[in-house]
Structures are given as C-alpha cells and as structure tokens.
Amino acid sequence: MSRIVIVDYDMGNLASVRNALKAVGYEAEISPDPAVVGAADGIIMPGMGAFGNGMRKLGERGLIDAVRAFAASGKPLLGICLGMQLLYAEGEEFGAGPGLGLLKGKATRLPDAVKLPQIGWNVVEPVQTAHPIFEGLDKTFYAYFDHSYAADAVDPADVAATTDYGRVYCSVAARNNILGIQFHPEKSSKVGLHMLANFGRAVDSSPCHQRV
Amino acid sequence: MPLAKRIIPCLDIKNGRVVKNVNFHHGTWDAGDPVELARMYDEQGGDEIVFLDINASWEQRSATLDILSRAAEQVFIPLTIGGGVSEVEHVRSYLRAGADKVSINTGAVKDPDLINRSAEIFGSSTIVIAIDCKRGSDGGWEVYLQGGRTATGIDAVKWAEEVWRRGAGELLVTSMDADGTRGGYDLDLHQRLAEVIDIPVIASGGAGTLGHIAEVLTTGRADAALVASIFHSGQHTVSEAKAFLAQKGVPVRT
C-alpha cells in the first residue's frame, strides 16, 4: 500500500481530506514533518485561508524545501484550494509574495463584479479530458468551491480544466506529477470522491514508489 | 456561469436526535438519526447539510460534537453547524470536530465583534450569520433571539448589512412567521435582502411544496434554500426537488 501524506501546515480542515480518502479506500497520514513528507509516495496539500499566511506557515515548519524537493522527485503531488494556489510563482492575497513556484502563474483576486468569496457549486469543464484525474467523470461536472483568489497568467499547457466565475480561470492544473484542484474534492460528493480515488490510483501506479 | 442554487437540508438536533419544531415552540416530533439522514441527503444530491443544535447551553454540546465528527467521516458535502456559539473557542471546537462552517446567531447580536474576530481567524467563508426575524407593523422585519423568544428592536435588513460588513461569509435568514407553516417562504424579506446584501443568502422558513422552493430561488432571489419538514417527512426527496427546479430552469447541481 502506498503512503499518502497530507501536509499539515495549520491552514484548514485536513481531517476532511483524510476522511474522504478513507471512504475510497486510501489511508492517509496527516503530518507537519518535512522528513515524513519527503518519504511519502504521494502528498496532498489542502488548505484554506490567505496565501501569505500559507507560505509563512510552510516556511516555519521547514516545508517549503520539502514540498519543492518532493515535486522534483516526480512523485504525485496534489494541491487543493489554497494548496493549489501556493503551487504558483506568486500570490497577492494580503500583499504580493512568492509562492512555491512549481507552476508558472499567480493567484489573483476574482473580479469584484461577482459575489466573493465564491461559495457553492460551479461547473468544471475539463480541457485535458484524457487526464487520469478525470477518469470516469462526466464531460462537465459540478464541484464545490470556496475561494476569492484563483490562478491567473498561467501556462496554457498546464490548464487541465476551467471554471467561469467573473472570469474563466484554471480550476484544475496539471503539469507532469503536479496537480492542483481549486475546488474541494473532499466536499464535492461523489464526483470529488471519485477524483480522490483517481489520485490514489496515480500514487499506487507511480513508478517512483516501486519498492525493492 | 451562475453558481448552482443550493438545496440545503436542515437538521435541528437535540440530545443527539433530529427534531423539527413547528413554529419554534409548538409540537416537536422526532425524525431520526442525524448522521444517517445527512448521509441519505448527500446520496440524494443535497448540496450541504446544516445542523442546528437547539439545546439550551454550550455544556450540552458533547453529543453534537460527536454527531459532527461522525458526519464528517461519512458525508462528503459541506457541513454547517449552529447553536450556542458565543465565543471564538466555540467556533474552533465545531470546526475541529469536522464542521466546514459555523453559524452564529444570538452570540453575534450580543457581541457583534465576535463576527470580526471569527472571520479574521477562520476566514469569512467559514462564518455564517443566522438571523431569525419577524415582520413588524412598520413594514420591516425585527431580529429575534433565543429561538424566537426575545425581541431585540433591531431591524433585520440593517443587521444583515452590518454582519456582512463585519466579515460574515453567508447569511442564513429565517422568517419566523413562515417557519414551520409550510405556507411558503417570505419572498418580500428575501427580495429586500438581495437588494442590499452582496454575500450569499440562505432562505429559511416556510417550505411546504417544491413550488415554494423554486419561488424563493427565483422571485425571492435567494442563493440557497434551507429545507426541513418536506424532506424529513418523506413528502419529497432532494432528487425530486432538484429535478423539479431543473425543469423550471433554475440552475441546480443534478
């Protein structure tokens, strides 16, 4: 059984991600320890809250280098909500600041013409329709969102799915082993559970964790 | 793309069981195990679950915290919990137990700054402010506390605006005139709120038919409808409600 670690950087409800993984047959460990993160076969970085706080907390726990090193190892990494935004080079919530820089682009505020935060179910339209994270899902689907900032100025090649709220933005990002999901799969009922199961399978089949 | 209008089954819980009070104080009946019901509503396409703990004091909440943690293990849509929150620590313990959002009612009226403090620590989208109100003789609505027992003299629409400014992420507004009557939501109230408030409003009180739900989400301009009796009684399923709304052209997650 492969080891999935949920990165604990004190930004939001991590247990709900663990509960959802468990419901689809994957046990995950919640840990703030860079060594545990490094030894995982797959990591999930959830998170709610402000970008600057997120980076600060990651830094305090020595997790910035750990997550970057993990990404470089080629093993599957999934960022959810704030965890996705932190994958980008830059964020601007409560002052501009650098992110993890694993994806090109930045997290900027959605237009004020729409109610913010976006709280509720919106449509996700996969662009990379053959990506394994969408396997078994409908062509478009509703998912549960809760955020005010979203990916911007991204590399079009990384856009796996888009969502329209005030502007059309990248709601699922994928680049090699790195995945970002702006909505909450752990709160998106059957569709979300299905995506987490797809991620679990990606971790299982990742060549990087074939043990001798 | 507009957000889907949400259908939110509401479970009033007391001593670990679901109850639905008709007109708040008359005739209570038992409708079952909260976690089982929440699972069923997730299965049927409910968009969120709201638990309202109607026990009187914070000390009686251990059963509720237990329900919450069990629900969080089995229900994979957002969970909101309300009841007795008067301090930041109460918000924290509900969130720790597995809630995604916490609803504050009386505690916010008595200490409005609690909204700012909670929103600052946990994020606006975590904080729902619940407002119970009744129509006054002046054409407005007055905020009531303690489950409708205490009048405050506060104008509900002005209060809604204030809590939004203070950082609330959503409002859950119950018309106590309509609640439990199954006679339809207070459409005037929700229209008025939609004119003034720029955060999502969950309409509560009065659903008796699927037509009432459609009405408050269209004419009433509410973002979500809280529904209790018509689901708990088995009169309709959430899936039936969604199918009805979709047919009426209301954007819903099906």
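For clarity, every value in this text was computed on a predicted model and none was experimentally measured. In the text below, chain A, chain B and the rest are named by the order of the sequence lines, each starting its count at 1.
Interface summary for chain A: among B/Ser125, B/Ala99, B/Gly123, the most heavy-atom pairs under 4.5 angstrom belong to B/Ser125. Ranked by heavy-atom pairs under 4.5 Å with chain A, the first of B/Pro78, B/Pro200, B/Ser124 is B/Pro78. Options A/Ser189, A/Gly120, A/Ala23 differ in how many heavy-atom pairs under 4.5 Å they form with chain B, and the most are formed by A/Ser189. Between chain A and the options B/Thr254, B/Ile199, B/Asp223, B/Asp47, heavy-atom pairs under 4.5 Å are most frequent for B/Asp47. Across A/His184, A/Met11, A/Lys115, the residue that shares the most heavy-atom pairs under 4.5 angstrom with chain B is A/Lys115.
Inspection of non-hydrogen atoms places B/Gly169, B/Glu170 of residues 161-173 of chain B under 4.5 Å from chain A. Annotation: residues 235-243 of chain B contacts chain A through no residue [non-hydrogen atoms, separation under 4.5 Å].
Within the 4.5 angstrom heavy-atom criterion, atoms from both the backbone and the side chain of A/Ala20 approach chain B. When heavy atoms are compared at a cutoff of 4.5 Å, B/Arg253 approaches chain A by way of both its backbone and its side chain. Contact annotation for B/Ala224: neither backbone nor side-chain heavy atoms come within less than 4.5 Å of a heavy atom of chain A. Only the backbone of A/Ser188 comes within less than 4.5 Å of a heavy atom of chain B; no side-chain atom from C-beta onward does.
Counting heavy atoms of neighbouring residues, nucleotides and ligands inside a 6.0 Å radius, atom CZ of B/Arg92 exceeds 12 of them. Annotation: B/Lys248, atom NZ; neighbour count of heavy atoms from other residues, nucleotides and ligands within 6.0 Å does not exceed 12. A 6.0 Å sphere centred on CZ of A/Arg56 holds more than 12 heavy atoms belonging to other residues, nucleotides or ligands. Around CD of A/Glu60, the count of heavy atoms belonging to other residues, nucleotides or ligands within 6.0 Å exceeds 12.
Expressed to the nearest 0.5 Å, how far CE of A/Met48 lies from CG of B/Leu95 amounts to 10.0 Å.
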Can you list the steps and then say if A/Asp146 with B/Lys101 is a salt bridge (charged side-chain N to carboxylate O under 4.0 Å, His left out)?
CA-CA 11 Å; A/Asp146 184 349; B/Lys101 310 179 204 181; 5.8 Å; no
Working note: B/Leu79 + A/Lys187, criterion side chain to side chain contact (heavy atoms under 4.5 Å, CB included); need CA distance, chi angles, decisive distance, verdict.
CA-CA 9 Å; B/Leu79 304 173; A/Lys187 290 289 159 186; 4.3 Å; yes
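Looking at A/Tyr144 and B/Glu48, their side chains come closer than 4.5 Å, going by heavy atoms from C-beta outward. Within the 4.5 Å cutoff, no side-chain heavy atoms of B/Gln74 are placed close to those of A/Asn19. You'll find the side chain of A/Ile119 reaches within 4.5 Å of the side chain of B/Arg6, heavy atoms only. By the 4.5 Å heavy-atom criterion applied to side chains, B/Leu3 and A/Trp121 are not counted as neighbours.
Sequence neighbours left out, the pairs with a member in residues 16-32 of chain A that pass salt bridge (charged side-chain N to carboxylate O under 4.0 Å, His left out) are A/Arg3-A/Glu29.
Looking at every heavy atom in both residues, A/Leu193 comes nearest to B/Phe76 through CD1-CD1, 3.7 Å.
No salt bridge links A/Lys190 with B/Asp42; every basic N to acidic carboxylate O contact stays at or beyond 4.0 Å.
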Just distance, no hydrogens or angles: give the donor-acceptor pairs under 3.5 Å from side chains in residues 167-175 of chain A, sequence neighbours left out.
residue	atom	partner	partner atom	Å
A/Arg167	NH1	A/Ala151	O	2.9
A/Arg167	NH2	A/Thr108	O	3.4
A/Arg167	NH2	A/Thr108	OG1	2.9
A/Arg167	NH2	A/Ala150	O	3.2
A/Tyr169	OH	A/Gln118	NE2	3.0
A/Tyr169	OH	A/His147	NE2	3.0
A/Ser171	OG	A/Thr163	OG1	2.8
A/Arg175	NH1	A/Asp158	OD1	2.7

